[in-house]
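In what follows, a structure is listed as structure tokens, so that the remarks can point back to it.
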Amino acid sequence: MTLNSQDTKELSPSQVQRKNRRKLVGLFSIAFVPMLIAYGLFFYFPSLIPASTINEGELIQPPIDGAVLELIEPTALPAGLWTLLIPVDSHCDDQCVQSLYLSRQIVIGLGKDADRVQRVALLQGPADEGLKTLLETEHPNLLPFTYNADALTGALQARSQSMVPNEPVILLMDPNGNIMMWYPFAKIGMPLRKDLRHLLKISAIG
């Protein structure tokens with residue numbers, strides 16, 4: 001077979017540049033398009049996800065703007081991180097102690113991704129001495145914030161009929177400040193860590 005002159009002609013610098021650009025676009029698509037699709041399914045079309053891979057927590061639809069917390073002291077959360085919000089009464093009972101412990105272990109278990117997640121204790125009022133001691137000795141990295149419990153409870157009840165009043169829960173807030181998932185006490189542990197690992201893997205934010 002005879003090759004024509006077009007086949008054997010060397011590419012010009014501009015043609016080489018265009019060819020390399022197409023390769024980069026192709027590599028970007030292979031790496032990021034599946035991640036963006038998975039992220040969109042997880043947040044906006046959870047009904048399309050197979051039951052075997054469905055999230056462990058309950059999605060809050062639509063997500064709740066974090067401004068509903070009406071933070072009193074301090075008045076603003078550190079931005080840009082995934083946040084575990086842990087409502088805590090002034091007196092921390094056994095389930096409360098367990099929730100705090102498990103939340104700490106979840107973050108530690110994330111390994112290199114641990115610095116992408118922060119833990120926040122939501123306090124309705126001043127902590128008693130027992131809670132103060134617990135936070136200082138066992139949870140020095142836990143950030144305590146005073147908030148409007150009634151406003152948050154009202155927003156959650158308007159979106160979820162399955163939430164049991166006064167049951168310990170952990171809420172998950174994304175780096176954009178949207179409270180988008182909640183976990184009952186029974187799911188605080190491995191189920192929550194499974195979801196969080198998955199979100200950190202597919203997320204391009206936080």
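Model, not experiment: these values are computed from the prediction.
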Are [X] and [Y] side-chain neighbours, meaning at least one heavy-atom pair lies under 4.5 Å?
{"X": "Gln124", "Y": "Tyr147", "answer": "yes"}
{"X": "Leu156", "Y": "Val169", "answer": "no"}
{"X": "Leu102", "Y": "Ile170", "answer": "no"}
{"X": "Arg197", "Y": "Lys194", "answer": "no"}
{"X": "Asp150", "Y": "Thr153", "answer": "no"}
{"X": "Leu131", "Y": "Leu123", "answer": "yes"}
{"X": "Met173", "Y": "Leu77", "answer": "yes"}
{"X": "Val107", "Y": "Asn141", "answer": "no"}

Enclosure of Glu167 CD (heavy-atom neighbours >12, cutoff 6.0 Å):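 Result for CD/Glu167: enclosed.
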
Is it true that atom OH of Tyr101 has more than 12 heavy atoms of other residues, nucleotides or ligands lying nearer than 6.0 Å?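 Open: at most 12 neighbouring heavy atoms sit under 6.0 Å from OH of Tyr101.
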
[X] and [Y]: same hydrophobic cluster, using ILVMFWY side-chain contacts below 4.5 Å?
{"X": "Val88", "Y": "Leu85", "value": "no"}
{"X": "Trp182", "Y": "Ile179", "value": "yes"}
{"X": "Ile86", "Y": "Leu81", "value": "no"}
{"X": "Ile60", "Y": "Trp82", "value": "no"}

For residues 112-119, which side-chain N or O atoms pair as donor and acceptor with protein atoms under 3.5 Å away, sequence neighbours left out?
{"residue": "Arg116", "atom": "NE", "partner": "Gly206", "partner atom": "O", "Å": "3.0"}
{"residue": "Arg116", "atom": "NH1", "partner": "Leu200", "partner atom": "O", "Å": "3.0"}
{"residue": "Arg116", "atom": "NH2", "partner": "Leu200", "partner atom": "O", "Å": "3.3"}
{"residue": "Arg116", "atom": "NH2", "partner": "Gly206", "partner atom": "O", "Å": "3.1"}
{"residue": "Gln118", "atom": "NE2", "partner": "Pro78", "partner atom": "O", "Å": "3.0"}
{"residue": "Gln118", "atom": "NE2", "partner": "Thr83", "partner atom": "OG1", "Å": "2.8"}
{"residue": "Arg119", "atom": "NH1", "partner": "Leu100", "partner atom": "O", "Å": "3.2"}
{"residue": "Arg119", "atom": "NH1", "partner": "Ser103", "partner atom": "OG", "Å": "2.9"}
{"residue": "Arg119", "atom": "NH1", "partner": "His139", "partner atom": "ND1", "Å": "3.4"}
{"residue": "Arg119", "atom": "NH2", "partner": "His139", "partner atom": "ND1", "Å": "3.3"}

For residues 90-99, pull every pair meeting salt bridge (Lys or Arg N to Asp or Glu O under 4.0 Å), keeping only residues two or more places apart or in separate chains.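 Checked against salt bridge (Lys or Arg N to Asp or Glu O under 4.0 Å) - neighbours excluded - no pair reaches residues 90-99.
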
Asp195 side chain to Glu56 backbone, donor-acceptor under 3.5 Å: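 Yes: the side chain of Asp195 pairs with the backbone of Glu56.
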
Is there a donor-acceptor pair closer than 3.5 Å between any side-chain N or O of Asn55 and the backbone N or O of Gly57?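 Checking the backbone N and O of Gly57 against the side chain of Asn55, a donor-acceptor pair under 3.5 Å is found.
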
If I compare all heavy atoms of [X] with all of [Y], which pair ends up nearest, and what's the gap?
{"X": "Pro62", "Y": "Arg159", "answer": "O-NE, 2.7 Å"}
{"X": "Pro126", "Y": "Ser90", "answer": "O-OG, 3.2 Å"}
{"X": "Pro74", "Y": "Pro144", "answer": "CD-O, 3.5 Å"}
{"X": "Ala76", "Y": "Phe145", "answer": "O-CE2, 3.3 Å"}

Mind running side chain to side chain contact (heavy atoms under 4.5 Å, CB included) on Leu172 and Leu199 for me, showing each step along the way? CA-CA 11 Å; Leu172 181 59; Leu199 282 168; 3.5 Å; yes

Out of curiosity, [X] [atom1] to [Y] [atom2], how far, rounded to the nearest 0.5 Å?
{"X": "Tyr183", "Y": "Arg193", "atom1": "OH", "atom2": "CZ", "value": "13.0 Å"}
{"X": "Leu59", "Y": "Met181", "atom1": "CG", "atom2": "CE", "value": "4.0 Å"}
{"X": "Leu143", "Y": "Leu122", "atom1": "CG", "atom2": "CG", "value": "10.5 Å"}
{"X": "Leu192", "Y": "Ile106", "atom1": "CG", "atom2": "CD1", "value": "4.0 Å"}
{"X": "Lys132", "Y": "Cys92", "atom1": "NZ", "atom2": "SG", "value": "14.5 Å"}

Contacts table for residues 63-72: side-chain donor-acceptor under 3.5 angstrom, sequence neighbours left out:
{"residue": "Asp65", "atom": "OD1", "partner": "Ala67", "partner atom": "N", "Å": "2.9"}
{"residue": "Glu70", "atom": "OE1", "partner": "Asn148", "partner atom": "ND2", "Å": "2.7"}

